[in-house]
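So that we are looking at the same thing, I have put the structure below in structure tokens.
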Number of protein chains: 2
Amino acid sequence: MNDCSSCIVRNRAICSSLTPDELLILGKMGRRQKVKAGHTLLWEGDDAPVVANVLEGVLKLVVAASDGREQIVGIVFPSDFIGRPFGKESPYSVTAMTDAEVCIFNRNAFDDFASDHPDLQQKLLRRTLDELDRARHWMMLLGRKSATEKVASFLLEMADRLSGQGCNADGSLNGFELPFGRQQIADILGLTIETTSRQLTRMKSDGLVSLPSRREIVIRNRAAMEEMAG
Amino acid sequence: MNDCSSCIVRNRAICSSLTPDELLILGKMGRRQKVKAGHTLLWEGDDAPVVANVLEGVLKLVVAASDGREQIVGIVFPSDFIGRPFGKESPYSVTAMTDAEVCIFNRNAFDDFASDHPDLQQKLLRRTLDELDRARHWMMLLGRKSATEKVASFLLEMADRLSGQGCNADGSLNGFELPFGRQQIADILGLTIETTSRQLTRMKSDGLVSLPSRREIVIRNRAAMEEMAG
DNA sequence: CGAGGCCTTGACTGGAGTCAATTAGTGTGG
DNA sequence: CCACACTAATTGACTCCAGTCAAGGCCTCG
């Protein structure tokens, strides 16, 4: 069984609402599992018998059209929660973008446990509300922004979200390494890979960013970038 | 004070989780308020001191860009919940699309009440999870679908969601009256009003729909429409 | 060092946006 | 009930941004 008290996300995941006793019970229900980059944990439309906490790595939530077009509808980092409590089918696929490790629970058992632990449920509610806000802002981006604005917004949001894991003193992270490639950026922004690439090259030659390697981004002029994000 | 027991959304809103005693307490906290079509209840970015249940009418959730572009990120019907519990700023504007009536609560008081009533909180969680699923599917539409696919998907979803209020026997509603005009459809789909209009006239001349009046839609060939939605 | 995948770049196309004019509803007051 | 004004919706002509197709270059890893 798991020793949750030493879990790396102990203080950040929804489990942080639990007392040591409760943690012991939940610990018995969960099991750790590694997921290799590219592997899919949950398939869109399938019955999803599990929910999980992310311990390590980055995963994407994907909705696909019948002809293969993909839209990434969420990105999940360590301490985030995966899955759909109180619902049977997974409304999207969950795929690892990097090697990852998750702590998975049987959904029914988790639902029952949650129903008995209001604090846990409130944490989950808060998280879900936050996710919903984020999703809705992303809808604005997808529906109304130009390619340039999309890429700028994306870089700023990534700078924000990646600053959790290791950043410079003032908390504003301007250089970071993306955990995924160009096609994935395109799938997040609702663009093609070519358009995404062109926008990045343009920003580079305009001195807004530098691109030390394929996956590294350094924002050189944050003010102009924010201006550009619209 | 309010007599919640005779409320028209008594059995459908989140209040349905409450006992008569609890309902009495909540009833004292809420007050009914009418909102005229076009009036805004909550402004994006402002402190939002209230949450509410919708009793009557239809409202939109809007995210706007600095230059005025608007994206509708949600549509709210009777018995739906409005507002952002456990958060101060409203992440979007809430504006009535038709004359509406809502039952509003002080947010802090509601948060406290919710914290003491796990069943209510669970109802809220389930609703929020459903909203999140809907939002994510809408992200796929906004990011990856063509204008034609967008309009077809929209008409099918409206047929679904409006079938709650008065429909034909088998539950599949093919004719309905939209509670809003072309510009709003455009703002939902991330299109311009001209493109939206053109798509509709195209569908009409292809015999997929008829448009008896400005706001009435009749789906004449549902199979083809579903095909078109992608 | 070589193979393969990822990324960039270029030329071209097309779908949706823009601007502008017209038409069809809607509501108001005489 | 009709005439008028006003707004919403449609239609047309044109533009342009992003998509498509195709070629070439560059990492990265075996």
Side-chain angles (χ1 to χ4, degrees), chain A residues 36-38 60 65 67-71 97-99 141-155 177-206 208-217 228 230, chain B residues 36-38 60 65 67-71 97-99 141-155 177-206 208-217 228 230:
Chain A
K36 277 246 164 14
K60 61 178 178 180
D67 63 355
R69 282 172 293 179
E70 291 195 349
Q71 176 66 48
M97 301 175 94
T98 66
D99 287 346
L141 174 140
L142 290 170
R144 291 298 186 203
K145 291 193 176 178
S146 70
T148 308
E149 292 171 320
K150 283 181 178 182
V151 173
S153 306
F154 168 78
L155 294 178
E177 180 172 352
L178 292 172
F180 41 76
R182 295 287 184 270
Q183 181 61 60
Q184 317 269 19
I185 303 178
D187 286 341
I188 291 168
L189 298 176
L191 297 172
T192 58
I193 188 174
E194 294 94 330
T195 301
T196 306
S197 176
R198 275 189 257 268
Q199 295 298 331
L200 283 170
T201 322
R202 168 93 125 335
M203 285 180 176
K204 183 178 164 189
S205 56
D206 290 353
L208 282 171
V209 296
S210 40
L211 310 169
S213 80
R214 283 189 171 178
R215 299 194 162 192
E216 281 177 284
I217 308 267
M228 220 174 207
Chain B
K36 277 245 161 22
K60 61 179 178 180
D67 63 355
R69 283 171 293 179
E70 291 195 349
Q71 176 66 47
M97 303 176 95
T98 65
D99 286 347
L141 174 140
L142 290 170
R144 291 297 186 205
K145 291 194 175 179
S146 69
T148 309
E149 292 171 319
K150 283 180 177 182
V151 173
S153 306
F154 167 77
L155 294 178
E177 180 171 352
L178 293 172
F180 41 77
R182 295 286 185 271
Q183 181 60 59
Q184 316 270 19
I185 302 178
D187 286 342
I188 291 168
L189 297 176
L191 297 172
T192 58
I193 188 174
E194 294 95 331
T195 301
T196 306
S197 176
R198 276 189 256 268
Q199 295 299 330
L200 282 170
T201 31
R202 167 90 109 9
M203 284 181 178
K204 183 179 164 189
S205 56
D206 289 353
L208 282 171
V209 296
S210 39
L211 309 169
S213 80
R214 284 189 169 177
R215 300 194 162 193
E216 281 177 284
I217 308 268
M228 220 174 205

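Computed from a prediction, not measured in an experiment: that's the story for all the values here.
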> In whole angstroms, how far is the C1' atom of dT10(D) from the CG atom of Leu200(B)?
Replying inline: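 From Leu200(B) CG to dT10(D) C1': 11 Å.
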
> Sequence neighbours excluded, which residues qualify as side-chain contact (heavy atoms from CB on, under 4.5 Å) partners of Arg215(A)?
Replying inline: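 For Arg215(A), the residues satisfying side-chain contact (heavy atoms from CB on, under 4.5 Å) (neighbours in sequence not counted) are Glu177(A).
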
> Side chains of Gln184(B) and Leu178(B): does their closest heavy-atom pair fall under 4.5 Å?
Replying inline: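 Answer no - side chains too far apart.
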
> For the pair made of CD in Gln183(B) and P in dT10(D), what is the distance, rounded to whole Å?
Replying inline: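 One finds 12 Å between P of dT10(D) and CD of Gln183(B), rounded.
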
>> Using whole Å, what does the distance between atom C1' of nucleotide dA8(D) and atom CZ of Phe180(B) come to?
In response: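 Those two atoms, CZ and C1', are 15 Å apart.
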
> Which atom pair, heavy atoms only, marks the closest approach of Arg182(B) to Arg214(B)?
Replying inline: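 Result for this residue pair: NH1-O, 3.1 Å.
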
>> Treating primed atoms plus P, OP1 and OP2 as sugar-phosphate and everything else as base, which nucleotides of nucleotides 17-30 of chain D get B, S or - for protein heavy atoms under 4.0 Å?
In response: -SSBB----BS---

> Tell me, do Met228(A) and Gln199(A) make a side-chain contact under 4.5 Å, heavy atoms counted?
Replying inline: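 Side chain of Met228(A) against side chain of Gln199(A), heavy atoms only: no contact under 4.5 Å found.
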
> Who are the side-chain hydrogen bond (donor to acceptor under 3.5 Å, both in side chains) partners of Glu216(B), not counting sequence neighbours?
Replying inline: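 side-chain hydrogen bond (donor to acceptor under 3.5 Å, both in side chains) check on Glu216(B) returns Ser213(B).
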
> What's the shortest heavy-atom distance between Glu70(A) and Asp187(A), and which atoms?
Replying inline: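 Taking Glu70(A) first and Asp187(A) second, the nearest heavy atoms are O-OD1, 3.6 Å.
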
>> Side chains of Thr196(B) and Phe154(B), heavy atoms from C-beta outward: is any pair under 4.5 Å?
In response: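 The answer is no; the side chains never approach within 4.5 Å.
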
> Bend angle of the helix from dC1(C)-dG30(D) to dG30(C)-dC1(D) from five-pair axes at both ends, rounded to 10°?
Replying inline: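 Inter-axis angle at the ends, rounded: 40°.
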
> What is the 5' to 3' range of DNA chain C, first to last nucleotide, that sits under 4.0 Å from any heavy atom of chain A?
Replying inline: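 Listing 5' to 3', DNA chain C meets chain A from dG5(C) to dA11(C).
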
> So which of Leu142(A), Val151(A), Ile185(A) actually passes side chain to side chain contact (heavy atoms under 4.5 Å, CB included) with Leu191(A)?
Replying inline: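 When side chain to side chain contact (heavy atoms under 4.5 Å, CB included) is applied between Leu191(A) and each of Leu142(A), Val151(A), Ile185(A), only Val151(A) qualifies.
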
>> If the condition is side-chain hydrogen bond (donor to acceptor under 3.5 Å, both in side chains), which residues does Ser197(A) pass it with, not counting sequence neighbours?
In response: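 Ser197(A): no side-chain hydrogen bond (donor to acceptor under 3.5 Å, both in side chains) contacts found.
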
> Val209(A) and Leu200(A): which non-hydrogen atoms are nearest, and at how many Å?
Replying inline: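 The answer is CG2-O, 4.4 Å.
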
